[in-house]
Amino acid sequence: MSELSLTINGTDHTIDVPPDMPLLWALRDVLNLTGTKYSCGIGTCGTCTVLINGVPMRSCVMPTASASGATISTIEGLDPSGGHAVQRAWNDEDVPQCGYCQGGQILTASALLARNPDPSDSDIDAAMSAVLCRCGTYPRIRKAIKRASRYMSDEGGDA
Amino acid sequence: MSTCANDVRIDRRAFLKVSLLASGALVIGVGYGSSSRARATDSDTWAPNLYVRIDTNGRVTIVSKNPEAGQGVKTAFPMVVAECLNVAWEIVSVEQAPLDDRYGRQVIGGSRGTPDGWNDLRIAGTAACELLKSAAARQWNVPVAECNAENGTVIHVTSDRTIPYADLLEAAAALPVPEVSELKLKSRPEEFQLLGTFVPGVDNPMIVTGQPLFGCDTRLDGMLYAVYEKCPTFGGRVRSANINRVRSQPGVTHAFVVKGTDDLTGLLPGVAIVAETWWAADSARKKLKVDWDTENSDSSEAYERRAKALANESGETLRADGDVDRALDESRRIIEATYYYPFVSHANMEPQNCTARYSESGQLELWAPSQNPKSGRALISRTMGIPEDRIHVNLTRIGGGFGRRLRSDFMVECAWIAREIGRPVQLQWSREDDMRHDFYRPAAWHHFKAGIDIDGRMIAFDHHFVTFGRNGETVSGAGLSPNHYPAGLVPSFRLTQSLLKTNVPTGPWRSPGHSAYCWAYQSFFDEVALAAERDPLEFRLDLLSRSFGDPPLDLKRTRGTLALAASKAGWGSRELEPGRGMGMAFHFDHGGFVSHVAEVVADGANVKVEKVYSGIDVGPILNLSGAKNQVEGAVVDALSTAQLEITFANGAARQSNFDDYGLLRFNLAPEVECHFIQSDNSPTGLGEPPIAAATPAICNAIFAATGKRIRELPFSRSGIRV
Ligand code: FES
Ligand code: FES
């Protein structure tokens, strides 16, 4: 076990965990931040996606120690009131079915839009193929990303 | 799962109960009692099936008795109440009920939520509205007929006076309860204001902000985390295990062998490891060594060999109309083909899990993402000897159902561990556990022979179905109704069945049976149509134009969906370039009629499914958003599943995670265009009906584009890449 400092959604935490414990389990079981979900545990499905310095990463295969010192954002931190353009678009297009994968989808989409505010269909394909959805909400995710892009440009930039 | 939507309570009558809570809130409950008994409202044991509460601030709360797994009932049901009560959607909230016998059926399955709930929901909303109108009319001393209800307010039309519902609650509670039979229930789209519109899911705000909703998000004080290792070979038992070594691993609090039972759907034998975090438990599991006692040697290769042998045997006759042999003899042409589809897994994104707390007083409380909590409670009671009234089940949101969570193995495992350790515990299956211990959709072989006459009509249909069974009966999910089309659509018909033994657990998988065999039928119909030199649409419409004996499905509604999908797709009117093809299929299951036309482009064996046009008749649409979401998702599911298979070796599944069972990814999802026929029928569910016809529509389109007929799934077996 070792003491690790983590900055999650703008808050500093110090936790005592084995350094190789994946960030996913530090979030879920140690910090009770359950918005980040487990599904495959081997880095294939993207359900467990978090943003590390703004980049989507799979927390199930990322040792907690390697996230120490970085800026970690989870779905709980995007905008807790749901006001982020992507969150609003997700609601307005009614993307979720079961909803289990959607945290990973939303963070991946928000990272895409942050670096590319007006993505083409193939940009969207490239980014979003990282996250599986068993319920098949893909057609709506595409629409929601385009809608979020419109919300952002209407509001003059920042997501 | 029933495929008939009409078998809902005919001998029971709905009763209403109205009461005023201490808070001043008005509560209207709908319940059922046998019509032979006295008025159920008078009895203390009267049990509401559903209730609606109007608070003194005017807010309306509706209890949702069914669990939510993404099928949309938690949003669609309150919409029905709001529609009939005439209140704004914004003031309605939804409460998830726990498992409670008073609520009647609390199951997600068979797309039964909508047909079952439709009447109760309308009765509750309409009765409440009538009471409030009567209360206002009394206050004004005017006839009720002069009062209207709108947006949470009663209006006296001739004088324009208004009173908000919130001011009428006490007066309404004092009025006589309306007779259910006298209520005028809205039923047609023309009468709807809210129903049929696009309404986002009620849980969306929590989902998009990552709030705890799912079973695995449950956190209790002092809770530990468990993994449970079962024999990868189905039916294996623990001989011995290195428990001491595992117990000494960091963070581990408990490790023990569970003897289990023989019930393949119940508590399987295994080893439980409990720790401070799930990761600690799972890490300790890597050190676990179990000596398993196994006998099962099932393999996909052996199944295939045996199926080949059975193909040449005659099978048991399940139905015979006319004289098939003679009709085949007299046919102008005979078309023959065998179709095969593999086992597949449910692969819910949320792996099975459950949380439980067992108290010293002998009470067991569970938090379960279950599609069928009542059967879970019964299984626990049976296995552990705990009376059902000491088991309380909280229903959480479910990260994907598809039929997997109709089984309760994960619940009984967690309950057992909780009692054993005397601490609150969350059992979380790994993805590998989930895929290796599923109740798979069974594989099957369909041997078809069809005869066509001089006019190109199918006059004979001979079908030998080779499927899986035990003790002379098909295993769960492996049966086929003898009355399934084309029975009743052709003058001479024969269905024979041979059973192949399996020791693998099987079960219902989204639209059980239909989602598999519809592909075989509808692909073969395409072959027959083309052999008869007829257009696949014209051939199908003609097939659906007459019946021999009872029609196996409503011909008119089916034709309607097919014609609609075809016309929206531009079937027959568009010039398609080489490498582009369209294909179609129709189907009926779980009360819903769905036809799809798929459009694909091919580059050699590489195929891209571009678009699917859907024609759907499930009666009036409740939530347009939820309805379309189900159709889009089902089409994606169909395409995803058509490229997947579970195979077995040594009595165990070979696939274990998304690296070898790769669900369809985003870039390959087709666009889906839904068209609804809002027919004059009661609404039925959409969780299942849209999937079955999607697979054959896609495969028929692939044939049109490539000339390659897909008779074996997954696609890779037929040399196609999607
Ligand atoms: S759970 Fe991390 S990628 Fe699947
Ligand atoms: S919404 Fe269910 S897995 Fe994506």
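Here is the naming used below: chain letters follow the sequence lines, and residue numbers restart at 1 for every chain.
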Query - Choice from A:Q87, A:Q97, A:K37 maximising heavy atom contacts with chain B below 4.5 Å - result: A:Q97

Requested in this report: Check for a donor-acceptor pair, side chain of A:E76 on one end and backbone N or O of A:T74 on the other, with a separation under 3.5 Å.
Outcome: no

Query raised in the report: Which bit of A:L78 is near chain B, if near means a heavy-atom gap under 4.5 Å: side chain, backbone, both or neither?
Result: neither

**Report entry** Atom group of A:P80 that falls short of 4.5 Å from chain B, counting heavy atoms
**Finding:** backbone

Report task. Taking the six-membered ring of B:F402 (Phe, Tyr or Trp), confirm whether the NZ or CZ of A:R134 is under 6.0 Å from its centre and within 45° of its axis. Result -> yes

**Report entry** Part of B:I398 lying under 4.5 Å from any heavy atom of chain A
**Finding:** backbone

Query raised in the report: Between B:Q426, B:Q630, B:E671, which has the largest tally of heavy atom pairs under 4.5 Å with chain A?
Result: B:Q630

Query raised in the report: What distance separates A:I8 CD1 from A:I72 CD1, expressed to the nearest 0.5 Å?
Result: 5.0 Å

Query raised in the report: Which of parallel (below 30°), tilted (30 to 60°) and perpendicular (above 60°) describes B:W429 and B:F410?
Result: perpendicular

Query - Any donor-acceptor pair under 3.5 Å from B:D660 side chain to B:Q655 backbone - result: no

Report task. Answer with yes or no whether the side chains of A:D125 and A:S122 bring together a donor and an acceptor at under 3.5 Å. Result -> no

Query - Side chain, backbone, both or neither of B:P250 within contact of chain A (heavy atoms, under 4.5 Å) - result: neither

Requested in this report: Look at the side chain of B:N623 and the backbone N and O of B:M79, then say whether any donor-acceptor pair between them is shorter than 3.5 Å.
Outcome: no

Query raised in the report: Side chain, backbone, both or neither: which part of A:D92 has an atom under 4.5 Å from a heavy atom of chain B?
Result: backbone

Query - Engaged part of B:N629 at the chain A interface, taking heavy atoms whose separation is under 4.5 Å - result: both

Query raised in the report: So what's closer than 4.5 Å to chain A heavy atoms on B:E632: side chain, backbone, both or neither?
Result: both

Query raised in the report: What part of B:V208 gets closer than 4.5 Å to chain A, counting heavy atoms only: side chain, backbone, both or neither?
Result: both

Query - B:R431 and A:S39: side chain donor to acceptor below 3.5 Å - result: yes

Report summary line: Comparing B:S430, B:A280, B:G251, B:G662 against chain A, the one with the most heavy-atom pairs below 4.5 Å turns out to be B:S430

Requested in this report: Among A:V30, A:D79, A:T44, single out the residue with the greatest number of heavy-atom pairs under 4.5 Å to chain B.
Outcome: A:T44

Report summary line: If one checks every heavy atom of A:V131 against chain B at 4.5 Å, the contacting part turns out to be backbone

**Report entry** Main-chain N/O of B:G399 paired to B:E350 side chain as donor or acceptor, under 3.5 Å
**Finding:** yes

Requested in this report: Let me know if B:T277 has heavy atoms under 4.5 Å from chain A in its side chain, its backbone, both or neither.
Outcome: both

**Report entry** chain B contact via A:A130 - side chain, backbone, both or neither, heavy atoms under 4.5 Å
**Finding:** backbone

Query - Residue part contacting chain B, namely of A:L33, when any heavy atom lies under 4.5 Å - result: neither

Query raised in the report: Is a donor on one side and an acceptor on the other found under 3.5 Å between the side chain of A:R28 and the backbone of A:T34?
Result: yes

Query raised in the report: chain A heavy atoms under 4.5 Å from B:V635: which part of the residue, side chain, backbone, both or neither?
Result: neither

Report task. Can you tell which part of B:T218 gets under 4.5 Å to a heavy atom of chain A, answering side chain, backbone, both or neither? Result -> neither

Query raised in the report: Is it true that a side-chain atom of B:E610 and a backbone atom of B:E599 form a donor plus acceptor pair closer than 3.5 Å?
Result: no

Query raised in the report: Looking at B:I207, B:N204, B:L639, which has the largest count of heavy-atom pairs under 4.5 Å with chain A?
Result: B:N204

Query raised in the report: Does a side-chain N-to-carboxylate-O contact under 4.0 Å join B:R404 and B:D434?
Result: no

Requested in this report: Against chain B, label A:R88 side chain, backbone, both or neither, depending on which of its atoms sit under 4.5 Å from a heavy atom there.
Outcome: neither

Query raised in the report: Any idea which heavy atoms bring B:R510 and B:S515 closest together, and the distance?
Result: O-OG, 3.0 Å

Query raised in the report: Which bit of A:Q102 is near chain B, if near means a heavy-atom gap under 4.5 Å: side chain, backbone, both or neither?
Result: side chain

Requested in this report: Mind ranking A:D94, A:I106, A:T137 by heavy-atom pairs under 4.5 Å with chain B and telling me who comes out on top?
Outcome: A:D94

Query raised in the report: Between B:Q428 and chain A, which part of the residue has a heavy atom less than 4.5 Å away: side chain, backbone, both or neither?
Result: side chain

Query raised in the report: In terms of heavy-atom proximity below 4.5 Å to chain B, should A:T47 be classed as side chain, backbone, both, or neither?
Result: side chain

Query raised in the report: Hey, what's the ring geometry for B:W278 with A:Y38, parallel, tilted or perpendicular (30° and 60° as the breaks)?
Result: tilted

Requested in this report: Could you tell me whether a side-chain N or O of B:T641 sits under 3.5 Å from a main-chain N or O of B:D637, the two making a donor and an acceptor?
Outcome: yes

Report task. Please flag which part of B:A69 lies under 4.5 Å from any non-hydrogen atom of chain A: side chain, backbone, both or neither. Result -> backbone

